[in-house]
Amino acid sequence: MKDCTMAGFFDYRSKVIGTDQVLEKLKPGQKIFLSSGVAAPGKVLTALARSDAKNLRDLEIIQLITLRKYLSHQSSDQYRLKTFNVGESISKEVAEGRVDFIPANLMELPYIFLSGAVAVDVAIIQTSVPDDKGFMSLGVAVDVANIVIKQAALVIAEINPNMPVTLGETTIHISSIDYVVESDLPLVERINRPYDEITDRIGWNISNLIDDGATVVLHVGRLFNAVADHLKQKRNLGIVTHVVSDWAVDLIESGAISLDRSRFNGGLITASYCYGSKALYRYVHRNPIFEFYPIARLNNPFVVRRIKSLIGIMNVKKIDISGESVIFHSGDNLLTGYESKLNFAVGATMTRRGKAIVALNSVDTEGNSNIVIKFDGRTDNTHSTLGVVKYIVTEYGVANLFGKSIRERALAMIDIAHPDHREDLLRQAKALNYVYADQIYVARHAANYPALLETRKSLKDSLEIKVRPIKPSDEDKMRRLFYNFSDESKYFRYFAPKPVMPHKEMQTYVSIDYDKVLSVVAVAEKGRNERIIAEARYAYDKSAGAYEIAFIVDEDFQGRGVATFLFKYLIKIARDRGIQWFIAYVLPRNESMMKVFEKSKLPIQKSYENDALVLRFDLTQEVADTDAAARK
């Protein structure tokens with residue numbers, strides 16, 4: 001145990017030694033801890049890898065994150081690597097048995113070292129250059145180094161002016177260090193590769209689930225770059241994550257990150273690691289927006305649950321139709337991957353307005369569906385989502401699984417699968433009795449889903465609605481809407497008593513072609529629950545030579561401008577599609593619907609047919625405020 005008093009230890013130069021002297025102090029069979037990832041002590045590691053000294057035999061190198069920058073993992077009697085992370089750089093070596101992998105829960109890491117379960121004889125860490133008071137920073141990697149240096153008999157710091165001084169629990173004192181090696185090697189940088197259109201679309205879909213004021217868990221990778229790019233228009237965001245990358249700079253500069261929110265409640269940017277470009281490392285240097293803390297604490301669901309709106313995002317390779325089992329990407333494990341993301345997702349479900357999101361491409365590189373009915377337990381290496389995931393996102397949309405039955409989940413997941421695989425997924429679901437035997441799903445219609453019509457609108461009394469085209473999976477939501485209506489409202493809509501709306505009728509109603517028939521629904525969100533509160537549609541009436549329009553609005557939400565907005569939105573869509581005429585059949589005593597039509601300020605041709613008033617709207621007539629209102 002070191003004497004960590006400060007007196008007499010401000011000048012570190014008396015502790016400076018060369019790499020040859022460091023290697024001379026190592027003994028065969030010792031267990032050597034190295035700081036992780038970007039913070040790996042490159043100068044000492046380079047000397048170790050090049051040396052053939054006889055005392056460097058049967059060493060055990062312990063590292064939480066290994067980037068394979070300095071060490072070779074070929075079979076050798078010099079050293080063997082033991083790591084807690086199977087990252088993309090060493091997954092092959094682990095599979096071939098040349099590297100030891102320690103499976104562990106992130107929250108166990110401190111206790112693994114404190115208990116001696118993983119013993120450490122020597123700790124070699126990289127830090128910033130000590131200041132005039134002898135303090136140095138662990139910089140861009142705060143994992144368990146502060147614990148390990150108290151356990152190791154020999155502690156060596158490789159000090160580097162390129163290591164940024166970061167805030168948080170990153171500070172150690174020169175008094176806790178035995179020897180110092182001076183280095184000026186550049187920190188390892190991450191190549192920022194561009195993302196494709198599919199990833200961009202997934203990022204856009206995820207961003208639409210994130211409200212202003214949320215705290216988002218972003219990670220390293222192209223998907224998270226895409227999400228961050230679409231978050232630049234948001235405001236009052238905070239970030240909590242195990243690793244920060246270059247997207248952080250863009251979010252700050254765009255004004256998306258609030259500088260006023262309390263860090264305790266999820267504001268600013270809090271992380272354990274930093275991995276990106278040289279510009280990023282310069283940006284975090286003494287920047288109070290960023291603070292770094294040990295990963296075991298930061299990644300603890302019971303710690304982050306205090307954040308009111310935490311958004312956890314997991315990217316996976318494949319998922320089953322229930323959303324309960326996934327296969328994650330090879331090389332995506334522990335510190336940089338699935339478990340870290342899952343822990344944050346668990347924390348998100350404990351927060352008041354939190355969301356746990358799983359994202360994936362709809363198909364793999366060979367065109368196979370990444371959404372499957374069920375995995376083969378004999379061959380597939382699956383992992384549980386612990387029931388916390390409520391949103392599944394592909395480039396084709398979002399499936400909200402919160403409170404859904406297996407049948408409802410199956411339909412929602414088929415909706416966001418690749419169109420080429422939807423009918424086959426439905427066939428398999430029917431064979432397992434996951435859905436109704438007569439369930440309708442027309443893939444060619446689903447492929448026409450006009451995602452660009454999705455929008456949001458703020459209405460009276462702070463009502464926020466999401467407006468989108470109807471989907472086959474909306475059947476249960478639409479049936480709930482139907483049964484919320486009074487008998488009079490049902491009569492106004494159907495011109496006849498309509499006491500029930502069975503599955504057979506409703507599934508036909510929600511299965512549309514988006515061409516001759518188009519329907520948009522207004523969705524109100526309360527927490528993780530989504531509720532359809534209104535629907536507006538047009539359908540081509542060949543005998544009338546026009547498109548018949550109809551509306552229904554939940555009685556709890558009438559009088560707040562929902563129908564007025566939906567009508568104007570239909571007008572805009574129809575005009576964009578070259579439609580010239582709308583026609584509506586209205587009972588004369590349906591005064592509220594008449595008011596909606598009159599607000600459009602379109603010229604109306606009126607006539608009577610039986611007991612109904614027939615209204616014809618000429619969409620070629622230009623009305624200045626109609627299009628403007630719908631575009632807002």
Side-chain angles (χ1 to χ4, degrees), residues 195-219 222-239 247 250-251 254-257 308-315 323 345 348-349 351 353-362 389-402 404 412-413 415-417 449-459 462-471 473-474 477 520-534 562 565-566 569 573 630-632:
Y195 50 81
D196 58 21
E197 291 183 8
I198 291 176
T199 303
D200 180 66
R201 186 67 189 178
I202 295 173
W204 186 83
N205 286 336
I206 292 173
S207 71
N208 286 330
L209 294 172
I210 301 172
D211 297 323
D212 289 348
T215 300
V216 189
V217 185
L218 296 177
H219 306 276
R222 280 170 279 191
L223 171 66
F224 300 100
N225 291 344
V227 174
D229 281 344
H230 289 291
L231 291 180
K232 291 177 184 177
Q233 305 305 315
K234 304 286 184 178
R235 290 296 177 264
N236 202 31
L237 297 181
I239 302 291
W247 45 256
D250 295 333
L251 284 177
S254 70
I257 302 296
K308 292 182 180 180
S309 180
L310 182 66
I311 311 298
I313 305 169
M314 299 187 288
N315 55 323
T349 63
T351 65
R353 297 189 297 273
K355 296 175 182 177
I357 301 168
V358 162
L360 71 164
N361 288 12
S362 65
V389 175
K390 299 300 180 285
Y391 299 88
I392 314 298
V393 179
T394 72
E395 68 270 29
Y396 289 101
V398 178
N400 183 349
L401 306 186
F402 183 64
K404 301 292 194 302
M413 294 288 276
D415 260 346
I416 64 170
Y449 180 82
L452 293 179
L453 297 183
E454 295 178 354
T455 187
R456 288 181 176 270
K457 180 67 177 177
S458 299
L459 298 171
S462 301
L463 175 62
E464 297 284 336
I465 60 172
K466 178 169 66 176
V467 178
R468 60 166 174 79
I470 203 168
K471 300 177 182 179
S473 58
D474 287 328
K477 295 190 187 77
V520 292
V521 293
V523 180
E525 297 173 306
K526 184 177 182 181
R528 303 181 187 102
N529 187 45
E530 292 183 339
R531 173 182 174 186
I532 291 179
I533 63 167
V562 178
F565 173 76
L566 290 181
Y569 196 45
I573 295 169
R631 282 195 296 269
K632 280 187 180 180

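Applying the salt bridge (Lys or Arg N to Asp or Glu O under 4.0 Å) rule to Glu395 yields no partners; only residues at least two apart in sequence or on another chain are considered. For the salt bridge (Lys or Arg N to Asp or Glu O under 4.0 Å) test, residues two or more places apart in sequence or in another chain that qualify with Lys232 are Asp229. Legend: residues meeting side chain to side chain donor-acceptor pair (under 3.5 Å) with Asp474, ordered by chain and number and at least two apart, are Arg468. The side chain to side chain donor-acceptor pair (under 3.5 Å) check on Asp196 picks up Thr199, with sequence neighbours excluded. By the side chain to side chain contact (heavy atoms under 4.5 Å, CB included) test, Asp200 is found to be paired with Tyr195, His230, residues two or more places apart in sequence or in another chain being considered. Applying the ring-ring contact (aromatic ring centres under 6.0 Å, His included) rule to Tyr449 yields the partners Tyr514; only residues at least two apart in sequence or on another chain are considered. Qualifying side chain to side chain contact (heavy atoms under 4.5 Å, CB included) partners for Ala534, counting only residues two or more places apart in sequence or in other chains: Ala522, Val553, Val562, Leu566. Under the side chain to side chain contact (heavy atoms under 4.5 Å, CB included) criterion, Asn236 pairs with Ser258, Arg261, sequence neighbours left out. Looking at residues two or more places apart in sequence or on another chain, you find a side chain to side chain donor-acceptor pair (under 3.5 Å) between Ser458 and Glu464. Looking at residues two or more places apart in sequence or on another chain, you find a ring-ring contact (aromatic ring centres under 6.0 Å, His included) between Tyr396 and His418. In this structure Ala228 satisfies the side chain to side chain contact (heavy atoms under 4.5 Å, CB included) test together with Leu218, Trp247, Leu251, sequence neighbours excluded. Take Arg235 and apply the salt bridge (Lys or Arg N to Asp or Glu O under 4.0 Å) test, not counting sequence neighbours, and it matches no residue.
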Hey, mind stepping through Val523 and Glu530 against side chain to side chain contact (heavy atoms under 4.5 Å, CB included) and telling me if it holds?
CA-CA 6 Å; Val523 180; Glu530 292 183 339; 3.8 Å; yes
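By the 4.5 Å heavy-atom criterion applied to side chains, Ile206 and Leu223 are counted as neighbours. Here the side chains of Ser254 and Lys234 are not in contact, with every heavy-atom distance at 4.5 Å or above. Contact check for Leu209 versus Ile311: no side-chain heavy atoms found under the 4.5 Å cut-off. Taking the side chain as every heavy atom from C-beta outward, Leu360 and Ile392 approach each other to under 4.5 Å. Side-chain atoms of Met314 and Ile357, non-hydrogen and from C-beta on, never get closer than 4.5 Å to each other.
In this structure a side-chain-to-backbone donor-acceptor pair under 3.5 Å is present from Thr394 to Ile416. Looking only at distances, no side-chain donor or acceptor of Tyr391 sits under 3.5 Å from a matching main-chain atom of Ala359. Side chain of Lys457 to backbone of Lys466: no donor-acceptor contact under 3.5 angstrom is found.
Heavy-atom minimum distance, Ala399 versus Ala412: CB-O, 3.6 Å. Heavy-atom minimum distance, Ile210 versus Val216: CG2-CG2, 3.8 Å. What you find for Tyr569 and Leu453 is that their closest heavy atoms are OH-O, 2.6 Å.
The pair Glu525-Arg456 meets the salt-bridge criterion, with a side-chain N (NZ, NE, NH1 or NH2) lying under 4.0 Å from an Asp/Glu carboxylate O.
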